[in-house]
Every structure is written in C-alpha cells, then in structure tokens.
Novice: 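My questions will all concern the structure given below.
Computed from a predicted structure; not experimentally measured. All residue numbers refer to positions in the sequence shown, counting from 1.
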Amino acid sequence: MRVVMFGFQTWGHRTLQALLASEHEVVLVVTHPRGEGAYEKIWSDSVEDLARENGVEVIVRERPEDQELLDKLKAAEPDVIVACNWRTWIPPQVFALPKHGTLNVHDSLLPKYAGFSPLIWALLNDEKEVGVTAHMMDETLDAGDIVLQRAVPVGPRDTTADLFAKTLELFGPITVDGLAEIASGRTDFTKQDRSQASFFHKRAEEDLRIDFTWTAEELDRLVRAQCAPYPSAFCFHRGRRLEIIEADVSQAVYGGTPGRIFYREGDGVAIVAGAEARRGRSKALLVKKVRTADGTELKAHEYFKNMGGYLTSRP
C-alpha cells in the first residue's frame with residue numbers, strides 16, 4: 001500500500017523505520033518542527049532526517065490544516081495514513097482522505113488512558129499491564145475502532161522509563177501488522193467500549209506535588225512514575241523544595257501524622273504516610289535518595305541527619 005505517515009520524535013522514528021523496512025511504500029512524511037521542549041531533547045530521534053535519508057519527501061507542519069498540505073496529500077494518492085505521536089488535531093478532510101482511512105498508534109490499552117502521558121497515569125493507578133493500540137482514527141480523539149492491541153506486564157518495581165522501553169518496541173511491529181489487517185480487506189474492527197473510556201490531561205507541576213495523606217504505596221508509584229528523565233516528585237522540608245528521586249514502601253507500620261520524618265529503616269528514612277496513619281494502619285514512604293533545591297543528590301541518611309520534623313506539600 002501507498003502510505004503517508006504523520007509522526008514525530010522517537011515513537012514516530014521507530015514507526016517510520018518499520019514502515020520503510022516493510023512491503024509498503026512510504027510516499028510522503030509529515031512531521032512537526034523541532035522544538036526546544038525538554039522532552040523533545042530527550043526523545044529526539046528525527047523523523048525528518050530518517051525520511052530524507054531514505055529519499056522520502058517531508059513536509060514540516062505544526063498543524064495539518066492548510067490547503068497546500070491538503071493538495072500535497074491528494075497528489076500523493078495514499079491508500080492509508082499512519083499517525084504516530086502526532087500532537088495536534090488532524091481534521092477529517094485529512095484523516096478520511098485515503099480510501100483505507102488513517103491508522104493511529106497510541107501508547108495505551110484503549111479505551112483506557114486516551115489523551116496524554118498514559119504510561120505515567122497507568123503506573124500511578126497500579127495497572128498490571130500497559131500497551132499499545134493501533135486504531136482507526138475518527139473525529140473523537142483516540143476513540144476509533146481497534147485494529148490491533150498488544151500488552152506488556154508492569155513489573156513490581158517498574159518505572160515509567162522501564163514501561164517506555166517496553167512499549168517502544170511494540171510501535172513498529174503493531175503498525176506493520178495493523179496495515180496487513182487493513183490490506184487484507186478487513187473492516188470489522190473492534191468497537192471501543194466507551195463505558196470504559198478514560199481521557200487524561202497533560203502532566204503539570206501540580207501533578208508532581210507529594211501529598212503525604214496518600215498511602216505509601218501510592219507515593220512509591222508516584223516517585224517511580226516521575227523517574228528520570230521525567231520531572232521528579234517533590235515536597236518541602238523546612239520551607240525548601242526537596243525532590244524525592246528514589247523511594248520504596250517501608251517494611252514496618254509507622255503511625256502518626258502524615259509527613260513526619262520518623263525512623264531510619266535499612267538504607268532509607270521512613271516518612272509517615274496515609275490518611276489512616278494516625279490509627280497505626282499505614283506503612284511509611286521509605287525515602288532513599290533526594291535532590292535538594294540546588295540540585296545536589298544525596299542518600300536519605302546523608303540528608304536526614306536527625307529524625308523529627310515534617311515534609312510538607314507546600315512551603
């Protein structure tokens with residue numbers, strides 16, 4: 001099939017690699033302009049460079065809404081469009097242009113975790129598996145019929161970086177296999193159960209703030225979800241910002257007021273956590289490594305010289 005691809009960053013790069021190695025003909029690539037955002041520097045594999053290296057015409061756009069682009073798409077005569085990590089709205093006159101429509105590849109097990117940062121949200125919510133969905137695009141974001149879906153397990157100590165690595169390996173294969181389903185003439189793809197749908201917003205500073213009334217298990221997942229290269233979860237100690245970059249759940253139960261700097265356990269320091277902590281029913285967040293406001297990283301025993309005092313959500 002003749003394929004036009006809309007893609008960006010490492011996810012799009014891996015997908016384009018798979019398409020170029022497949023039986024399909026990539027006739028045009030549309031990608032975003034390079035930006036200065038932190039995540040764009042981290043996952044910076046260039047779709048544009050890969051396409052040019054392989055002699056494929058490239059169009060750079062922030063939004064695919066102008067007449068010039070639409071004319072180029074029509075001239076390319078694609079059988080199908082593939083979209084992967086395209087971050088702006090694709091209008092119906094674009095996604096419905098090819099006779100086989102547009103195959104979108106999203107890094108969640110739809111209909112759950114549509115929208116943004118699905119791996120982080122899934123880890124926070126203690127999901128046992130994450131994955132990638134190849135679905136047909138329609139007018140509702142991430143809501144089209146499912147062509148293929150593949151899952152990987154979430155390990156007990158996985159971070160978002162671990163889940164990223166696991167799911168990234170799925171993008172190329174699921175795209176090529178999804179196109180095979182489309183090329184076979186199938187149209188009876190799986191309708192999404194919209195009663196199970198959830199749509200998540202982009203992560204922001206407020207989403208990183210530690211609230212010690214959360215259980216230790218929830219806070220441990222927050223720290224793992226916000227692992228490097230993502231921004232770290234943070235709280236305040238004596239009015240100064242303190243990032244928690246490594247933690248676990250304590251072995252013992254520690255009762256008292258959430259946020260209390262309580263006890264050295266193993267290689268960590270137990271911080272009282274959980275709304276039920278005052279009843280002696282909660283384990284503590286076992287902080288193992290921190291980063292101070294000046295960027296210094298310290299083991300918990302090096303930073304917490306004395307027990308007592310509190311970690312707080314705000315200065």
Novice: Can you tell me which residue pairs pass the side chain to side chain donor-acceptor pair (under 3.5 Å) test with a partner in residues 91-102, sequence neighbours excluded?
Specialist: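 Of all non-adjacent pairs touching residues 91-102, none passes side chain to side chain donor-acceptor pair (under 3.5 Å).
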Novice: Starting at OG1 of T175, measure out to CG of L103 and round the result to the nearest 0.5 Å.
Specialist: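 With rounding to 0.5 Å, OG1 (T175) is 6.5 Å from CG (L103).
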Novice: Determine whether F95 and W89 satisfy the following criterion, ring-ring contact (aromatic ring centres under 6.0 Å, His included), listing intermediate values before the conclusion.
Specialist: CA-CA 10 Å; F95 72 69; W89 181 61; 7.9 Å; no
Novice: Taking all atoms of both residues into account, what is the closest heavy-atom pair of P64 and V94, and its distance?
Specialist: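 Closest approach of P64 to V94: O-CG2, 3.6 Å.
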Novice: Could you tell me if Y113 and H106 have a donor-acceptor pair between their side chains, going purely by distance under 3.5 Å?
Specialist: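 Distance-only check fails for H106 and Y113.
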Novice: Look at E246 together with K299 and state whether they make a salt bridge at an N to O cut-off of under 4.0 Å.
Specialist: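 No.
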Novice: Return the set of residues passing salt bridge (Lys or Arg N to Asp or Glu O under 4.0 Å) with D193 (not counting sequence neighbours), or none when no residue passes.
Specialist: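 So D193 forms no salt bridge (Lys or Arg N to Asp or Glu O under 4.0 Å) with any residue.
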Novice: Using a 6.0 Å distance limit plus a 45 degree cone around the ring axis, check whether R221 lies over the aromatic ring of W214.
Specialist: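 No; the conditions do not both hold, so R221 does not lie above the ring face of W214.
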Novice: Just wondering, do Y303 and V287 contact through their side chains at under 4.5 Å, heavy atoms?
Specialist: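 In short, these two side chains do not touch, never coming nearer than 4.5 Å.
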Novice: For D220 and A216, indicate whether the former's side chain and the latter's backbone hold a donor-acceptor pair under 3.5 Å.
Specialist: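 No; judged by distance alone, with no hydrogens or angles, the pair does not exist.
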Novice: Taking the six-membered ring for Trp, are F199 and W121 ring centroids under 6.0 Å apart?
Specialist: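 Ring-ring flag for F199/W121: false, centres at least 6.0 Å apart.
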Novice: Testing the 3.5 Å rule here: is there a donor-acceptor pair between the side chains of T292 and R240?
Specialist: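 Result is no, nothing qualifies.
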Novice: Parallel, tilted or perpendicular, judged at 30° and 60°: which one describes the rings of Y254 and Y263?
Specialist: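 Tilted, since the angle between the ring planes falls between 30° and 60°.
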